[in-house]
Amino acid sequence: MLPDAISTASSDGVFGGFELDGDAAQESLEFQGCVRRKTVLKDGRKPAVASWQRYWLQIWANSLVYFPPKSFKGNDRADFKREPCKVCPLDGWRAEQVDNIQQANTFQLVNMATSTIYKFRTSSPKFTTMWLESLNRISQQNTEKQLPVNLMSFE
């Protein structure tokens, strides 16, 4: 378990901040949990084979950090590798609820600039909502960027 974190469930999601290893700098951890990801579109093209991949996903500051599984089973943090396999900045991405009642535990990330869509599946609709809220909070912070001090505003 991560120190100073509020656990919502061992495998589904954790809020809070933590320190990476003993000597690493303090990181800003917004949310984390076990998800499955499927590529719907990548650079405007459908993949030849689209399968669900399991990851431990974390939101650190303005990035999604993916940790690959150690084995084929398990949904707890200990079942995933310590080193991330991908770090993706959230600039330009939008989180959306999937409009299908049979996929209530599914959301997608869309990047219109690169024509890329990833679908994510969580363990329940409750955790899908928590992921959407966390991702949308991060994307709203990115759009509310301040103007530099040296520029004039004509409002």
Side-chain angles (χ1 to χ4, degrees), residues 2 4-18 20 25-69 75-77 79-149 151 153-155:
L2 301 172
D4 300 321
I6 302 167
S7 177
T8 56
S10 63
S11 64
D12 295 312
V14 175
F15 284 107
F18 73 100
L20 262 179
Q26 183 76 12
E27 294 288 338
S28 173
L29 175 65
E30 176 72 22
F31 194 70
Q32 66 177 350
C34 180
V35 299
R36 298 187 190 296
R37 186 188 82 165
K38 181 179 182 179
T39 303
V40 178
L41 274 180
K42 177 102 180 193
D43 298 323
R45 296 180 177 198
K46 285 188 174 186
V49 177
S51 62
W52 291 97
Q53 302 293 319
R54 190 168 51 99
Y55 293 102
W56 186 266
L57 189 63
Q58 295 180 341
I59 302 174
W60 284 355
N62 184 33
S63 297
L64 281 180
V65 182
Y66 295 83
F67 295 87
N75 292 326
D76 292 330
R77 178 63 184 103
D79 299 320
F80 295 83
K81 295 182 179 179
R82 291 177 54 103
E83 296 297 318
C85 62
K86 299 176 189 180
V87 178
C88 301
L90 287 171
D91 294 332
W93 289 91
R94 186 179 72 235
E96 301 175 343
Q97 178 77 38
V98 173
D99 293 329
N100 185 340
I101 196 144
Q102 295 174 336
Q103 296 180 349
N105 60 339
T106 305
F107 66 95
Q108 59 188 20
L109 279 178
V110 179
N111 188 323
M112 295 305 230
T114 62
S115 299
T116 301
I117 301 174
Y118 294 115
K119 208 177 254 192
F120 292 86
R121 184 176 290 159
T122 66
S123 61
S124 72
K126 173 184 165 185
F127 291 109
T128 298
T129 301
M130 294 170 90
W131 272 106
L132 283 167
E133 288 172 358
S134 295
L135 289 165
N136 286 328
R137 186 171 35 255
I138 296 295
S139 64
Q140 285 176 352
Q141 290 172 359
N142 293 340
T143 58
E144 297 171 0
K145 293 182 179 176
Q146 299 290 326
L147 287 175
V149 178
L151 293 179
S153 176
F154 295 102
E155 293 181 25

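Throughout, numbering of the chain's residues begins at 1 and tracks the sequence. Quantities reported herein were computed from a predicted structural model and do not represent experimental measurements.
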Heavy-atom nearest pair, Y55 first then C85, reads CE2-SG, 3.8 Å

Return the set of residues passing side-chain hydrogen bond (donor to acceptor under 3.5 Å, both in side chains) with Y66 (not counting sequence neighbours), or none when no residue passes.
none

I'd like a table of donor-acceptor pairs (distance under 3.5 Å, sequence neighbours excluded) in which one partner is a side-chain atom from residues 106-120, with atom names and distances.
unit_1, atom_1, unit_2, atom_2, d
Q108, NE2, E96, OE1, 3.1
N111, OD1, A113, N, 3.0
N111, OD1, T114, N, 3.2
T114, OG1, T116, OG1, 3.1
T116, OG1, D43, N, 3.2
T116, OG1, T114, O, 3.3
Y118, OH, K42, NZ, 3.2

Testing the basics here: between S134 and I59, what is the closest heavy-atom pair and its distance to 0.1 Å?
CB-CD1, 3.8 Å

So, the side chain of N105 versus the backbone of R121: is there a donor-acceptor pair under 3.5 Å, distance only?
no

Testing the basics here: between A50 and K38, what is the closest heavy-atom pair and its distance to 0.1 Å?
O-CE, 3.6 Å

What heavy-atom pair brings R37 and K86 nearest, and what distance separates the two atoms?
NH2-NZ, 2.8 Å

About how many Å separate OG1 of T122 and CG of L57, when rounded to the nearest 0.5 Å?
11.0 Å

How far apart are the closest heavy atoms of R54 and F80, and which atoms are they?
NH1-CZ, 3.3 Å

For T39 and Q53: C-alpha separation, side-chain torsions, deciding distance, then whether side chain to side chain contact (heavy atoms under 4.5 Å, CB included) applies.
CA-CA 9 Å; T39 303; Q53 302 293 319; over 6 Å; no

Among all residues two or more places apart in sequence or in another chain, which pass the side-chain hydrogen bond (donor to acceptor under 3.5 Å, both in side chains) test with K46?
none

Closest heavy-atom contact between K81 and R77?
O-NH1, 3.1 Å

With rounding to the nearest 0.5 angstrom, report the OG to CZ distance, S123 to R36.
10.0 Å

Please walk me through it: do E133 and F31 pass side chain to side chain contact (heavy atoms under 4.5 Å, CB included)?
CA-CA 10 Å; E133 288 172 358; F31 194 70; over 6 Å; no

Taking the side chain as every heavy atom from C-beta outward, state whether L64 and W93 have any pair of such atoms under 4.5 Å apart.
no

